[in-house]
Amino acid sequence: MSRRVRTRFAPSPTGPLHMGGVRTALFCYLFAKKHGGDFILRIEDTDQNRFVPGAEEYIIEALKWCGISPNEGVGFGDGAYGPYRQSERKPMYKKYAEQLIEAGYAYYAFDTAEEIEQMRENMTKQGVQNPSYNSVTRQYMKNSVSLSADEVKARLANGEPYVIRHKMPRNEEIKFHDLIHGWVSFNSSQIDDKVLLKADGMPTYHLAHVVDDYTMKISHAFRGDEWLPSAPTHIHCVKGLGWENEIWEYAHFPLILKPDGKGKLSKRDGDRLGFPSFPINWTDPTSGELSVGYRERGFFPEAFVNMLAFLGWNPGTEQEIFSLEELTQAFSIDRVHKAGARFDFDKTKWFNQQYLKEKSNAELADLIAPQLAAKNYNASNAFIQTFCSMIKERATFINDFSEMGYYFFEDVKIYDEFTIKKKWKTERISLFEELNAELLNDSTFNASSIEHIVKDFIAKNSLGMGDVGPILRIAITGTMQGPPIFELMELLGKEIVEKRIKIAFEKFNSLV
RNA sequence: GGCCUGUUCGUCUAAGGGUUAGGACACGUCCCUUUCACGGAUGAAAUAGGGGUUCGAAUCCCCUACGGGUCACCA
């Protein structure tokens with residue numbers, strides 16, 4: 001009764017994986033892991049015309065980055081059900097297609113593309129709204145249903161090109177159960193005779209899905225909602241092959257929609273919607289066009305995965321931050337939504353920020369080391385860790401650190417002139433020189449000693465913090481935004497503070 | 001257009017016949033801080049419409065509207 005849980009993610013290497021695909025993989029992974037089963041990566045490379053070099057490697061690398069590694073399949077070590085690339089499984093499909101013919105569930109078709117086109121035109125002229133190769137039109141086409149057995153034999157013997165088409169019944173109720181949608185039923189009269197085996201001997205998705213999921217002992221076939229309309233074809237083929245008692249459970253996941261709700265997110269979107277739609281960078285091999293991925297944009301894989309999990313699923317509690325392990329525990333297919341979810345980049349950034357805040361300063365110091373090195377910023381590890389502690393609650397991405405806090409490592413490049421003009425009073429110049437001198441005399445020079453000096457100075461001269469704070473802050477950092485100024489002065493040290501104040505005061509005078 | 005599928009704050013969602021319809025993002029206000037953020041508090045904000053069933057409906061049924069998917073020798 002209890003069957004080993006085996007799920008698979010089966011992308012086609014026709015380009016990069018987009019985030020919708022990653023989410024499908026994630027759900028398959030979570031479900032398999034939760035039930036102690038297997039998660040398999042199968043590459044659906046049956047369309048040689050659409051093959052894109054580098055796509056398979058991309059898919060593997062992207063899954064690795066996300067931490068949703070298959071335990072079986074292309075790139076992750078073969079298991080007992082290989083090969084895991086459909087092109088390498090080519091020989092087996094024909095056998096099953098022929099088995100379907102013998103069972104009366106499929107037939108040979110010899111029509112050329114032009115003949116099919118002609119048929120569609122004729123049907124349209126006759127007022128048929130949706131012309132297709134189906135239980136009615138197949139009678140008028142060149143196939144083993146309409147042609148005599150002898151002629152079919154002769155054509156086959158002559159090596160005439162042919163495809164094998166599914167023979168969808170004329171008028172039958174086809175019903176199947178979906179873990180998310182419940183019972184879904186179709187009338188077969190609405191469904192066309194899909195090509196199962198192409199003229200080049202390769203299967204189409206329809207045959208490949210049925211044959212591979214059966215032979216790979218897949219227990220749960222999960223895929224996006226866009227597959228729902230072709231499910232009856234698959235169900236009927238399963239029946240024709242006599243596998244209906246061993247069939248997997250289906251679940252069709254809700255689609256991830258564009259932020260405006262107009263259509264599903266697709267590969268074609270790249271990063272031109274204002275946010276990445278790919279997990280990692282992708283360079284189109286023909287156009288050379290680069291689409292920035294979540295990884296390069298500065299997202300943590302944990303945050304990206306966490307966000308994806310919450311698109312169409314939720315745990316039913318108010319917890320939102322989940323590690324992969326926690327997701328595995330909490331995941332349940334019956335908490336997956338039915339309706340498509342619009343993507344929200346703000347929320348995605350929020351997830352990243354949550355993870356950023358939780359990183360230790362030591363971890364962050366390691367992570368930002370490359371960007372500091374790239375800018376030739378040299379500093380001790382202790383300095384960098386303090387820098388991280390001061391900047392992390394103000395940033396969303398680690399990529400932003402060196403840019404946001406450049407003044408930790410080099411002199412101020414841009415001054416907030418608006419605030420200077422408002423706050424700098426030329427007549428107070430000697431007063432500030434005095435403060436500067438007092439600061440230089442401070443032998444401790446830590447945040448609290450500096451604060452003392454400044455506060456005494458304010459009191460002595462009947463000023464307010466608003467008269468001094470901004471001046472100091474802009475002198476040191478150039479901006480009104482940033483970490484606590486006294487702590488920053490302590491970190492930078494007396495020499496740098498002295499130098500910056502000197503440069504700044506001259507600048508201020510020239511501005512006012 | 002046919003078929004399939006869906007519809008709770010702007011967005012992601014909770015509430016599986018009985019709640020002042022809850023949370024999060026984004027937005028407003030206040031507190032903390034005489035910076036910015038973080039954090040805390042608070043506000044505004046939703047059951048698409050119409051019919052049933054029921055003592056009682058966001059939840060069940062029907063109709064309408066609207067959205068999405070799909071209609072290839074692509075997956």
Side-chain angles (χ1 to χ4, degrees), chain A residues 10-15 21 44-47 49-50 86 109 111-113 116 128-134 161-165 178 180-181 184-187 189-192 194-206 208-209 223-232 252 254-255 257-264 267 307 310-321 334-335 337-351 353 357 390-396 404 416 419 458 464-470 472-474 477 479-485:
Chain A
S12 65
T14 54
E44 310 228 327
D45 55 349
T46 55
D47 187 354
N49 299 318
R50 294 207 308 154
Q86 288 179 333
D111 318 274
T112 62
I116 293 171
V128 177
Q129 66 281 56
N130 196 21
S132 62
Y133 204 121
N134 59 23
Y162 68 87
V163 299
I164 294 180
R165 277 182 185 272
D178 180 283
I180 293 165
H181 296 274
V184 181
S185 70
F186 293 78
N187 188 289
S189 63
Q190 300 296 329
I191 303 159
D192 62 342
K194 298 211 158 53
V195 170
L196 262 21
L197 196 77
K198 298 184 265 190
D200 62 4
M202 279 290 197
T204 56
Y205 172 86
H206 310 291
H209 150 55
R223 61 212 332 187
D225 254 348
E226 71 267 30
W227 289 109
L228 209 45
S230 52
H252 291 87
L255 267 10
L257 275 16
K258 295 178 206 268
D260 64 5
K262 295 199 169 90
K264 61 172 178 169
K267 270 176 204 179
M307 174 280 295
F310 272 71
L311 239 31
W313 172 86
N314 79 86
T317 65
E318 287 182 0
Q319 184 183 347
E320 290 196 276
I321 302 301
D334 39 59
R335 292 203 66 89
H337 252 253
K338 289 179 176 171
R342 292 190 195 190
F343 176 69
D344 181 358
F345 194 49
D346 278 328
K347 186 95 187 208
T348 304
K349 287 192 283 197
W350 176 81
F351 271 108
Q353 209 177 69
K357 280 192 334 200
M390 289 180 173
I391 218 83
K392 73 176 174 188
E393 295 202 333
R394 284 159 243 271
T396 302
M404 279 182 73
D416 172 357
T419 306
I458 287 170
M465 191 61 175
D467 297 316
V468 181
L472 237 31
R473 174 173 294 283
I474 292 180
T477 71
T479 163
M480 280 305 288
Q481 305 173 350
I485 191 64

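Because the structure is a prediction, the values reported are computed rather than measured. Within every chain, numbering begins at 1; the chains are lettered A, B, ... in the order of the sequence lines, protein sequences first and strands thereafter.
In terms of phosphate contacts, A/Lys338 brings no side-chain nitrogen or oxygen within less than 4.0 Å of OP1 or OP2 of B/rC4. Between A/Thr348 and B/rC25, a side-chain N or O to OP1/OP2 separation shorter than 4.0 Å is absent. A sub-4.0 Å separation between OP1 or OP2 of B/rC71 and a side-chain N or O of A/Asn130 is absent. Phosphate contact (OP1/OP2 of B/rA75, side-chain N/O of A/Arg50, threshold under 4.0 Å): absent. Between A/Lys194 and B/rC71 there is no side-chain polar atom (N or O) within less than 4.0 angstrom of OP1 or OP2. At least one side-chain nitrogen or oxygen of A/His337 sits closer than 4.0 Å to the OP1 or OP2 atom of B/rA14.
With distances taken from any side-chain atom of A/Asp47 to the nucleotides B/rU7, B/rG23, B/rC74, the minimum falls on B/rC74. Among the nucleotides B/rG69, B/rU5, B/rC73, the one closest to any side-chain atom of A/Leu255 is B/rG69. You'll find that the side chain of A/Arg335 is closest to B/rA15, out of B/rG6, B/rA15, B/rU34. When distances are taken from the side chain of A/Val184 to each of B/rG6, B/rC4, B/rC74, the shortest belongs to B/rC4. Closest to the A/Gln190 side chain, of the nucleotides B/rA37, B/rG2, B/rA24, is B/rG2. With distances taken from any side-chain atom of A/Arg473 to the nucleotides B/rC74, B/rG68, B/rU35, the minimum falls on B/rU35. In the set B/rU70, B/rG1, B/rA26, the nucleotide with an atom closest to the side chain of A/Lys264 is B/rU70. Side-chain atoms of A/Glu318 lie closest to B/rG23 of the nucleotides B/rC73, B/rG23, B/rU35. You'll find that the side chain of A/Phe186 is closest to B/rC4, out of B/rC4, B/rA24, B/rA37. In this structure, the nucleotide among B/rC73, B/rU5, B/rA24 sitting nearest to the side chain of A/Glu320 is B/rA24.
Comparing the C1' positions of B/rG67 and B/rC32 gives an interatomic distance of 45 Å, to the nearest angstrom. Between B/rG69 and B/rC73, the distance separating the two C1' atoms is 23 Å to the nearest Å. Only the C1' atoms considered, B/rU13 is 34 Å distant from B/rU33, to the nearest whole Å. For the P atoms, the distance linking B/rG10 with B/rA48 amounts to 11 Å, nearest Å. Comparing the C1' positions of B/rG6 and B/rU47 gives a spacing of 15 Å, expressed to the nearest Å. B/rU53 and B/rC30: their C1' atoms are spaced 48 Å apart (whole Å).
Within the nucleic acid shown, A/Ala339 comes within 4.0 Å of sugar-phosphate atoms alone, with no base atom in reach, counting heavy atoms only. Here A/Asn134 lies out of heavy-atom contact (under 4.0 Å) with every strand. Among the atoms of the strands shown, none is found under 4.0 Å from any heavy atom of A/His209. A/Pro484 comes within contact range of at least one nucleobase, with a heavy-atom separation under 4.0 Å. Contacts of A/Gly224 with the nucleic acid, taken as non-hydrogen atoms under 4.0 Å apart, are absent. Among the protein residues, A/Pro232 comes within range of no part of the nucleic acid, since none of its heavy atoms lies under 4.0 Å from any strand. Within the 4.0 angstrom heavy-atom criterion, no nucleotide atom of any strand lies near A/Thr477. Using a 4.0 Å heavy-atom cutoff across all strands shown, A/Gly466 reaches at least one base atom of the nucleic acid. Across all strands shown, A/Lys392 has no heavy atoms under 4.0 Å from either base or sugar-phosphate atoms.
The CG atom of A/Asp47 sits 9.0 Å away from the CE atom of A/Met202 when rounded to the nearest 0.5 Å. To the nearest 0.5 Å, atom CD of residue A/Glu320 and atom CZ of residue A/Phe351 are 5.0 Å apart. Between A/Leu472 atom CG and A/Thr477 atom OG1 the span is 10.0 Å, to the nearest 0.5 Å.
Scanning all heavy atoms of the two residues, the minimum distance from A/Asp225 to A/Pro254 falls at OD2-CA, 3.5 Å.
Residue side chain A/Lys347 reaches the base of B/rA24 through a donor-acceptor N/O pair under 3.5 Å, judged by distance alone. Judged by distance alone with a 3.5 Å cut-off, a donor-acceptor contact links the side chain of A/Arg394 to the base of B/rC36. At a cut-off of 3.5 angstrom, counting only N and O atoms as typed in the model, there is no donor on one side facing an acceptor on the other between the side-chain of A/Arg342 and the base of B/rU11.
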Criterion side-chain contact (heavy atoms from CB on, under 4.5 Å) on A/Met480 and A/Arg473, from CA distance to verdict: CA-CA 7 Å; A/Met480 280 305 288; A/Arg473 174 173 294 283; 4.0 Å; yes
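Across all strands shown, B/rU7 is found opposite B/rA65 as a Watson-Crick or G-U wobble partner, with both distances under 3.5 Å. For B/rC55, the paired nucleotide is B/rG18, the pair qualifying as Watson-Crick or G-U wobble because both relevant distances are below 3.5 Å. Pairing for B/rU29 goes to B/rA41, judged as Watson-Crick or G-U wobble with the two contacts each under 3.5 Å. Pairing of B/rG1, defined by two Watson-Crick or G-U wobble distances under 3.5 Å, is identified with B/rC71.
In this structure, A/His209 and A/Tyr205 have parallel ring planes: the angle between them is below the 30° cut-off, well short of the 60° mark.
Taking the charged nitrogens against the carboxylate oxygens, A/Arg342 and A/Asp344 have no contact shorter than 4.0 Å, which rules out a salt bridge.
When the nearest nucleotides of RNA chain B are assigned to A/Trp227 and A/Thr479 by heavy-atom distance, the more 5′-ward of the two goes with A/Thr479. Between A/Phe310 and A/Thr14, the one whose closest nucleotide on RNA chain B sits nearer the 5' end is A/Phe310.
Side chain of A/Lys194 to backbone of A/Thr204: no donor-acceptor contact under 3.5 angstrom is found.
Remark: of the listed residues A/Lys338, A/His337, A/Arg335, A/His252, A/Lys338 is the sole one forming a side-chain contact (heavy atoms from CB on, under 4.5 Å) with A/Ile180.
For the pair A/Asp225 CG and B/rU70 P, the computed distance is 10 Å after rounding to whole Å.
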